[in-house]
There are 2 protein chains.
Amino acid sequence: MATLKQVAAHAEVSVQTVSNALNAPHRLRADTLERVNRSIELLNYRPNRNARSLRTSAVELIGYCVPSWPNQTHLVMDQFLHALCAAAERTGRHILLFTAPGGVDGMPTYDDLHARRMVDGFVLSQTETHDPRHGWLKEQGIPFVSFGRVWKETTQPGPWVDVDGAAGSAMAVRHLYESGRRRIAFLGWPKSSGLGEDRVGGWRDACKDLGLPTTGLTVRCREDSIEEGARATARLLDAGRTVDGIVALSDILALGALRELTRRGLTPGHDVGVTGFDDSPLAEVVSPGLTSLRQPMDQIAEELITILTGSSNGSPVERLLRPELVIRGSSAPG
Amino acid sequence: MATLKQVAAHAEVSVQTVSNALNAPHRLRADTLERVNRSIELLNYRPNRNARSLRTSAVELIGYCVPSWPNQTHLVMDQFLHALCAAAERTGRHILLFTAPGGVDGMPTYDDLHARRMVDGFVLSQTETHDPRHGWLKEQGIPFVSFGRVWKETTQPGPWVDVDGAAGSAMAVRHLYESGRRRIAFLGWPKSSGLGEDRVGGWRDACKDLGLPTTGLTVRCREDSIEEGARATARLLDAGRTVDGIVALSDILALGALRELTRRGLTPGHDVGVTGFDDSPLAEVVSPGLTSLRQPMDQIAEELITILTGSSNGSPVERLLRPELVIRGSSAPG
DNA sequence: CGGATTGTTTTTAACGTTCAAAACGTCCGT
DNA sequence: ACGGACGTTTTGAACGTTAAAAACAATCCG
């Protein structure tokens, strides 16, 4: 494996000149640059990243903790990871995966990776309400950016990128409204979830804007499962009042709604319009296809990397992106 | 950030002694070791990985190319990644993610990562028939291990770990047989797929062993989609002959089968037993739950890391692991 | 023509670690 | 007392790169 020294000898220049040819080519005279480049090519030289990192103390690696919540399925994780990787590579960086316990217990792992100079910073995801990681990292001066706000904190301890759940729900409501639905229910999560409150808020506001009723039309599911989604839908339908639209907080809950509707002989899309969230692979795979709010993964990843690797001057950056409504059969005009 | 030098000064020993305290503690006198360890603790010293890697030329990082086939969904990728990460960490290593074009076009990317000393080796997955990567890497002398055999090669160019698809299919067939099914069909892929041929072979052999018919009971789907699975099932049922069991090559195809059966008023599990492959999150989320063959992810990951980081003495290692049949409602005794 | 200016290249000194060899003690047998 | 053997510690050099400063060369200006 060729080194700078060997290239330098071959091109008959000093080591530093070869280094400059790579990192500051404008400093070289045109003919020298070409000569050096020929030698680099000829010897198939590639800079040793470890030596470079040792000298510059920047490893160009970004840590990402691969999540593993047993209950929750990460249906869009592969999309996210691919987007994140691609965005990192566009800046010459890479993603280093690691596992860590949740909450504060995981902090030593983050600290260690940073202290050993294995990563320059972190991308956080799976942000929880009152997530302790953000404050901790900020306190340690470890660079990070979060995919997801730290809910229930007035001042956010660090930069983040997030998808506007309220706007998403509102889009779903308006879409159902435009296809004639007038009693649109919401399947949500317990109040403790910041993400849940964000999305239910958007539904409520949009309904009020359009003059639609909201009372008695919210069901809070205890967990994110098909079963709970179906139960919640059953409760809604059994309450006696008509429901012709359902905005679900997740694709999983929406699938539960679809199942319950079908079980009762109602046709999703025709009798009741249903929408989900996140546009997971399931959404286009079920029948009828599930209308869902897609997260703009590429843009999210791009912003995350930009913020993390940016000059970070002044106040932390906050970016709220709009999801995109992907319309499928479950909300076909009825 | 503390360095070896500072720890050495604090403990009043030489730099090398501190290094030895970490890498070869048996060489130190007990009291020296303790003194050094106290200093390490006190100064909160962590070895700089870049300096270490530069010296030893081992980065303790394993490259994994995050796949992105547009058509195919990676329903178990997060499970795999988590297992792989955990297994790597058990040996003090980590996973570095990257993206690369498929086939030979991606090889420069692999080569580059290795040449720049950013990874020690690679874990390959999403192995295709005649996959060129294995031969190429072997030729370059770049360490790797593959999750998945290189199909259609008599001598495998490198070590691999794989799941025994034939055994899996056979388990599914025997399970359906035990609950009384006697005409068990197979939903597969085109003949060009090595993985497909492996699984269909297991089905055929198991049926013959049990004295069950196989002729006219195989359907080859053009692509891995719910739609194709449903179409294939329709074709089977329209052929006039009875079918009381379906072994599908994938969970997706199995879901298609479930859908078509339900559409025709047949009850999966009661009228026809259905099994899938891979035990994706979908399997336990649909209704009825889908009986499926789970890949032993933790064991796979463990083997991959062991082989890749092992002494690699002599001939390449090959490990064929048995999948586990997870029984759910879709194959409930009818 | 001398001094300043600019452009290009080289020299020197790190970055933080580990390897190999040398040095230092201590104990032993003779 | 001496040489050897062992156990522990230190010394010197190297891994491959880049930052900073120094050196050199060419050009410009008064």
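Hydrogens, waters and symmetry mates play no part in the numbers below; they use all other heavy atoms, side chains included. To find a chain, count down the sequence lines: A is the first, B the second, and so on, and within it residues start at 1.
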Quiz item: Do any side-chain nitrogens or oxygens of A/Thr32 fall under 4.0 Å of OP1 or OP2 in C/dT9?
Solution: yes

Quiz item: Between A/Met1 (CE) and D/dT17 (C1'), how many Å, whole number?
Solution: 16 Å

Self-check item: Any residue meeting side-chain contact (heavy atoms from CB on, under 4.5 Å) with A/Ser146, in chain and number order, not counting sequence neighbours
Solution: A/Leu124, A/Thr127, A/His134, A/Trp160

Quiz item: How close or far is atom C1' of C/dA20 from atom CG of B/Asn23, stated in whole angstroms?
Solution: 15 Å

Exercise. Round to the nearest Å and state the distance from A/Leu4 atom CG to D/dT18 atom C1'.
Key: 9 Å

Quiz prompt | Distance in angstrom units between A/Glu12 CD and C/dT10 C1', rounded | solution = 15 Å

Quiz item: Do A/Val13 and A/Arg35 touch side chain to side chain, with heavy atoms closer than 4.5 Å?
Solution: yes

Practice problem: Calculate the interatomic distance between B/Gln16 atom CD and C/dA22 atom C1'; express it in whole Å. | Solution: 12 Å

Quiz item: Does C/dT17 have OP1 or OP2 sitting under 4.0 Å from an N or O in the side chain of B/Ser19?
Solution: no

Quiz item: Which atom pair, heavy atoms only, marks the closest approach of B/Arg133 to B/Met107?
Solution: CG-SD, 3.5 Å

Exercise. Would you check if the distance from the ring center of B/Phe144 to the ring center of B/Tyr110 is below 6.0 Å?
Key: no

Self-check item: Neighbour count >12 (heavy atoms, 6.0 Å) for atom CZ, A/Arg46
Solution: yes

Quiz prompt | Interatomic distance, B/Arg27 CZ vs C/dG25 P [rounded to whole Å] | solution = 20 Å

Quiz item: D/dT10 P sits how many Å from B/Lys5 NZ, rounded?
Solution: 16 Å

Quiz item: Contacts to DNA chain C from residues 37-59 of chain A, heavy-atom cutoff under 4.0 Å, which residues?
Solution: A/Leu54, A/Arg55

Quiz item: Under 4.0 Å between a Lys/Arg side-chain N and an Asp/Glu carboxylate O for A/Arg38 and A/Glu34?
Solution: yes

Quiz item: So, is B/Ser14 close to the D/dT9 phosphate, meaning a side-chain N or O under 4.0 Å from OP1 or OP2?
Solution: no

Self-check item: Interatomic distance, B/Asn20 CG vs C/dG16 P [rounded to whole Å]
Solution: 20 Å

Quiz prompt | Pairwise side-chain contact, A/Arg294 with A/Asp278, heavy-atom cut-off 4.5 Å (strictly under) | solution = no

Quiz item: Among the nucleotides D/dT9, C/dT10, C/dG16, which one has an atom lying closest to any side-chain atom of B/Thr3?
Solution: C/dG16

Practice problem: Side chain of B/Arg29 only, please: which of D/dT17, D/dT8, C/dG16 is the nearest? | Solution: D/dT8

